[in-house]
Engineer: 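Got a structure here, written out as structure tokens. Questions coming.
For clarity, every value in this text was computed on a predicted model and none was experimentally measured. In this chain, numbering begins with 1 at the start of the sequence shown.
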Amino acid sequence: MIHPRSCRRRRSLRIRVRAPLAVLFILCFALALDGVGLVRISLLCAVLHESGHVLMFRWQWGYWPDLQISPGGICLRLRGVPLTPQREFLLAAAGPLCNLLASCAVLGGMELTGACSYLGYWFASVNLLVGGMNLLPLPGLDGARMLRAFRYW
């Protein structure tokens, strides 16, 4: 059975912001206190992580998903989307995989060119932390979704 939502083709993502004032306050406060740029690198790594999920969703279903930004982070809105265990596993694994690939690309690029920098090491390290943390089998993280999907596979 084809889900009615899957027939609709959107040209762009729809982004919904929950508690926009709280999100704006947290971002402004964190960026104002960020003297070394760790918050900016972390935000970039989080966006890379979610872009992995978004691209996997687009590849599997053929249309762009809805995103939700809240004080707790960025997440895909999957209500009404039919998920087989295989699709859920691939969708959950895409975010950490994107972080791992970004980290390997930066470290490999620095090794090949000999142009090592603290910024590159920070970026690679934070990507490994974001991807690794999301692999933990805790509720709400990608690891729990992957484990659940693998059990029902």
Side-chain angles (χ1 to χ4, degrees), residues 1-27 29-31 34 37-110 119-153:
M1 179 176 131
I2 297 176
H3 194 271
R5 198 168 170 186
S6 64
C7 297
R8 187 176 8 160
R9 304 269 182 193
R10 278 187 264 150
R11 295 178 191 209
S12 62
L13 292 170
R14 285 196 305 195
I15 300 174
R16 178 178 180 219
V17 180
R18 292 189 71 198
L21 290 177
V23 170
L24 186 61
F25 176 77
I26 291 170
L27 278 175
F29 187 71
L31 290 171
D34 185 28
L38 189 59
V39 171
R40 286 172 275 173
I41 292 172
S42 300
L43 285 172
L44 179 60
C45 294
V47 168
L48 280 171
H49 180 89
E50 291 304 322
S51 68
H53 293 308
V54 166
L55 292 173
M56 180 59 72
F57 186 96
R58 171 75 178 173
W59 179 68
Q60 286 187 353
W61 281 274
Y63 64 96
W64 294 107
D66 294 334
L67 284 178
Q68 179 173 303
I69 300 173
S70 69
I74 308 168
C75 64
L76 293 177
R77 298 188 61 195
L78 297 174
R79 288 195 181 120
V81 177
L83 286 173
T84 63
Q86 295 85 0
R87 281 184 161 188
E88 183 171 7
F89 184 85
L90 289 174
L91 187 62
L97 180 64
C98 191
N99 289 121
L100 177 65
L101 291 176
S103 181
C104 289
V106 168
L107 290 174
M110 287 192 315
L119 180 63
Y121 285 122
W122 273 108
F123 181 75
S125 300
V126 173
N127 264 305
L128 286 175
L129 285 171
V130 169
M133 182 196 70
N134 274 283
L135 285 175
L136 293 174
L138 299 173
L141 297 179
D142 295 327
R145 292 178 51 209
M146 291 168 62
L147 188 61
R148 183 179 64 233
F150 189 69
R151 274 192 276 160
Y152 294 113
W153 197 319

Engineer: Do Asp34 side-chain atoms and Val39 backbone N/O form a donor-acceptor pair below 3.5 Å?
Structural biologist: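 Yes; judged by distance alone, with no hydrogens or angles, the pair exists.
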Engineer: Can you list the residues that meet the ring pair (Phe, Tyr, Trp, His ring centres under 6.0 Å) rule with Phe57, with sequence neighbours excluded?
Structural biologist: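 Testing Phe57 for ring pair (Phe, Tyr, Trp, His ring centres under 6.0 Å), a comparison that skips the adjacent residues, returns Trp61, Tyr63.
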Engineer: Would you give the length of the straight line joining atom CD1 of Ile26 to atom CG of Leu21, rounded to the nearest 0.5 angstrom?
Structural biologist: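 Those atoms lie 11.0 Å apart.
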Engineer: Rounded to the nearest 0.5 Å, what separation is found between the CD1 atom of Ile69 and the CD atom of Glu50?
Structural biologist: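 So the gap between those two atoms works out to 9.5 Å.
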Engineer: Test: ring-ring contact (aromatic ring centres under 6.0 Å, His included). Region: residues 125-149. Which pairs qualify, not counting sequence neighbours?
Structural biologist: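 Listed by first then second residue: nothing to list.
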Engineer: Once rounded to the nearest 0.5 Å, what's the spacing between atom CG of Leu55 and atom CG of Leu91?
Structural biologist: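 Spacing of CG (Leu55) from CG (Leu91) equals 11.0 Å.
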Engineer: Output the distance between atom CZ (Phe89) and atom CG (Leu83), rounded to the nearest 0.5 Å.
Structural biologist: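 It is 14.0 Å, given to the nearest 0.5 Å.
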Engineer: Any side-chain heavy atom of Leu78 sitting closer than 4.5 Å to one from Pro65?
Structural biologist: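 Result no, sub-4.5 Å side-chain heavy-atom pair not found.
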Engineer: Hey, are the side chains of Arg14 and Arg77 touching, using non-hydrogen atoms and a 4.5 Å cut-off?
Structural biologist: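 Contact flag for Arg14/Arg77 side chains = no.
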Engineer: For the residue pair His53 and His49, categorise the inter-ring angle as parallel (less than 30°), tilted (30 to 60°) or perpendicular (more than 60°).
Structural biologist: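 Answer is perpendicular, since the angle exceeds 60°.
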Engineer: Is any side-chain heavy atom of Asp66 less than 4.5 Å from a side-chain heavy atom of Arg16?
Structural biologist: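 When only atoms from C-beta onward are counted, Arg16 and Asp66 do not touch, as no gap falls below 4.5 Å.
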Engineer: Which one of Leu147, Leu97, Asn134, Leu136 satisfies the side chain to side chain contact (heavy atoms under 4.5 Å, CB included) criterion with Asp142?
Structural biologist: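 Only one option passes, and that is Asn134.
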Engineer: Side-chain contact test, heavy atoms from C-beta onward, threshold under 4.5 Å: evaluate it for Val106 versus Asn127 and give yes or no.
Structural biologist: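 SC-SC contact between Val106 and Asn127 ruled out.
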Engineer: Are the side chains of Asn99 and Cys45 in contact, using a 4.5 Å heavy-atom criterion?
Structural biologist: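 Yes; the side chains approach each other to less than 4.5 Å.
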